[in-house]
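Shown next, in structure tokens, is the structure this report addresses.
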Amino acid sequence: MARRSGRSAWVAAPFRALLQRFAFLLLLAASVGLILLSRVDRPVVERVRAVGADIIEPVLSVVAQPVTAVNAVIGWADDIFFVHDENFRLRTENARLLQWQEVARRLEQDNAALRRLLSAGPDLSQTYVTGRVIADGGGSFVRTALLNVGTKDGVKKGQAVIGEGGYVGRVAEVGVRAARILLVTDLNSRLPVMLQEGGHRAVLTGDNSPLPRLEYLTGAARPATGMHIVTSGDGGQFPAGIPVGEIVSTDGVIRVRPVVDLGRLDFLRVMQFDETRIDAEDPSAPAPPLKSR
Amino acid sequence: MSALLRQTSRRIRALLPILSSIALVIFGLLPIGLPHFSSVAPSFALMAVFYWSIFRSDLMTMLGAFLIGLLLDLLSGGPLGLNALMLVVVHELGVSQRRVFLGSSFLVNWAAFALLVGAVVPLSWGLISLLHWRLLPTAPALAQVILALTLYPAVYWLLSRLERRWLRGSLAV
């Protein structure tokens, strides 16, 4: 502006200032409008966001590559430092798991025998699509992650996302190449669950803290710390029985620690659960051929 | 030919503030292996917009700040428009106070950034709490403010290097 001189600057300056002020107010109003729109009309905003994620996915995938490499090196150094402790831990775990293996074999035989008795169809098997987390830094107000798989891989909105050991979240928005995962800890997350012991239904409500709350638990249930929480399958978008977490506190608010460490997410699996296949469990219906990908 | 080349180079360099801010937005979204870093990750976009709106307000326009905020909103999964709102406010404050900061030391700039982050993060916290009609946990927001203050000198250094290397002199206003 310093280069402008003389009359034109003298006339233009107040006009420019006015324009500037107008632009400021206009952009403020636009921002507030967008915030309100994202509260009122979610589908439109989700669509726009999915398109945005699709556009940026190649960039993020490429940039995330070296980050993965660095993480691998850190993990490798970590392994070396703690190899002794880890070895001890794994040995005790191995002994314990061998016992469980026995139990599982016996149960499997029992289960097969009982299924034959009931003439039920074979167990429902899910297929998975594996994707890598390419973005997760949503700041302190959201708990989401961006996965590099989308509709081209068969991912659909609402499908369950599984990490190492259990439930991580569900697909909230899906584009062609990328999908946004709403983690179980996010403020907007509501997950129908049940207590593994007793099968009492409840809703797991995220509140952005690391430990989501267990709400609407049926009156007869006696929640205690250490109890395991699994998905109840209500809503039909994914099966019952996926491990979700374990109750860590019951004073006042019941809080649940997720089984998966949500602070470190890398490769996640999206569960392809086809609701129509539930028919196969109906013994009277002819069992449709099960496809596995 | 060389005149055309020079002009093209000038145009590209004039985009540097916006491009560097976008790069910082993407950097802030990367899944870094640190546990729970994503929930306290400071807004690098805030630092960039603050820096450029003081030192190159001609190249970091208000619309630019708005669009950078919108990009961050799209990619981070938060309410659309929230970061756009914050960055427009940051830009306005930066530009209106730029005369104070232009001649002053880094420490003054850092202190001003502290005030700004101390206002903007609680403001977003309040807005989101209001939208969901529920008080959000305060610890991550506090951690975010502290982390932003700690990392600001690094971003300042980086951006001032960029500015000195590519924008000083040849692109005088």
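Both backbone and side-chain heavy atoms feed into the values below; hydrogens, waters and symmetry mates do not.
For the pair B:Phe44 and B:Val155, the minimum side-chain heavy-atom distance is below 4.5 Å. Residues A:Val193 and A:Val203 are not in side-chain contact: their nearest non-hydrogen atoms beyond the backbone lie 4.5 Å or more apart. Here the side chains of A:Val171 and A:Val161 are in contact, with some heavy-atom distance below 4.5 Å. For the pair A:Val129 and A:Val149, the minimum side-chain heavy-atom distance is below 4.5 Å.
When the candidates A:Asp207, A:Val51, A:Leu187 are compared by the number of heavy-atom contacts under 4.5 Å with chain B, A:Leu187 comes out ahead. Residue with the most contacts toward chain A among B:Leu85, B:Leu70, B:Leu131, B:Leu80: B:Leu80 (heavy-atom pairs, distance under 4.5 Å). Interface check for chain A: of the options B:Leu75, B:Val89, B:Ile128, the most heavy-atom pairs under 4.5 Å are formed by B:Leu75. Heavy-atom pairs under 4.5 Å with chain B peak, among A:Leu182, A:Leu37, A:Val45, A:Ile56, at A:Ile56. Options A:Leu60, A:Leu146, A:Ile134, A:Val59 differ in how many heavy-atom pairs under 4.5 Å they form with chain B, and the most are formed by A:Ile134.
The pair A:Glu86-A:Arg89 meets the salt-bridge criterion, with a side-chain N (NZ, NE, NH1 or NH2) lying under 4.0 Å from an Asp/Glu carboxylate O.
If you measure heavy-atom distances from A:Asp266 to chain B, you find no contacts under 4.5 Å at all. For a residue to count as touching a neighbouring chain, one of its non-hydrogen atoms must lie under 4.5 Å from one of that chain's; by this rule A:Val48 touches chain B with backbone and side chain alike. The parts of A:Arg49 that come within reach of chain B are both its backbone and its side chain, each placing non-hydrogen atoms under 4.5 angstrom from that chain. When heavy atoms are compared at a cutoff of 4.5 Å, B:Asn83 does not approach chain A at all. Heavy atoms closer than 4.5 Å to chain A are found in both the backbone and the side chain of B:Ser124.
Residue B:Phe106 qualifies as enclosed at atom CZ: its count of foreign heavy atoms under 6.0 Å is above 12. Heavy atoms from other residues, nucleotides or ligands lying under 6.0 Å from CZ of A:Arg213 number more than 12. For CD of A:Glu164, the number of neighbouring non-hydrogen atoms (other residues, nucleotides, ligands) closer than 6.0 Å is 12 at most.
Taking the ring-ring contact (aromatic ring centres under 6.0 Å, His included) definition, one finds that A:Tyr167 meets it with A:Phe238, sequence neighbours left out.
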| query | After noting the C-alpha distance and the side-chain angles of A:Glu46 and A:Arg180, does the key distance pass the salt bridge (Lys or Arg N to Asp or Glu O under 4.0 Å) rule? | reply | CA-CA 10 Å; A:Glu46 275 171 20; A:Arg180 179 169 302 283; over 6 Å; no
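Using non-hydrogen atoms only and a strict 4.5 Å limit, the part of residues 21-36 of chain A facing chain B consists of A:Arg21, A:Ala23, A:Phe24, A:Leu27, A:Leu28, A:Ala30, A:Ser31, A:Val32, A:Leu34, A:Ile35. Residues of residues 133-141 of chain B placed with any heavy atom under 4.5 Å of a heavy atom in chain A are listed by number as B:Arg134, B:Leu136, B:Pro137, B:Pro140, B:Ala141.
When all heavy atoms of A:Val174 and A:Ala50 are compared, the closest pair comes out as O-CB, 3.6 Å.
Side-chain polar atoms of A:Arg255 and A:Ser249 form no donor-acceptor pair below 3.5 angstrom. If you check the side chains of B:Arg13 and B:Ser9, you find a donor sitting under 3.5 Å from an acceptor.
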May I have the list of side-chain donor-acceptor pairs in residues 17-27 of chain B shorter than 3.5 Å, sequence neighbours left out?
residue	atom	partner	partner atom	Å
B:Ser20	OG	B:Leu16	O	2.9
B:Ser20	OG	B:Pro17	O	2.9
B:Ser20	OG	B:Trp52	NE1	3.0
B:Ser21	OG	B:Pro17	O	2.7

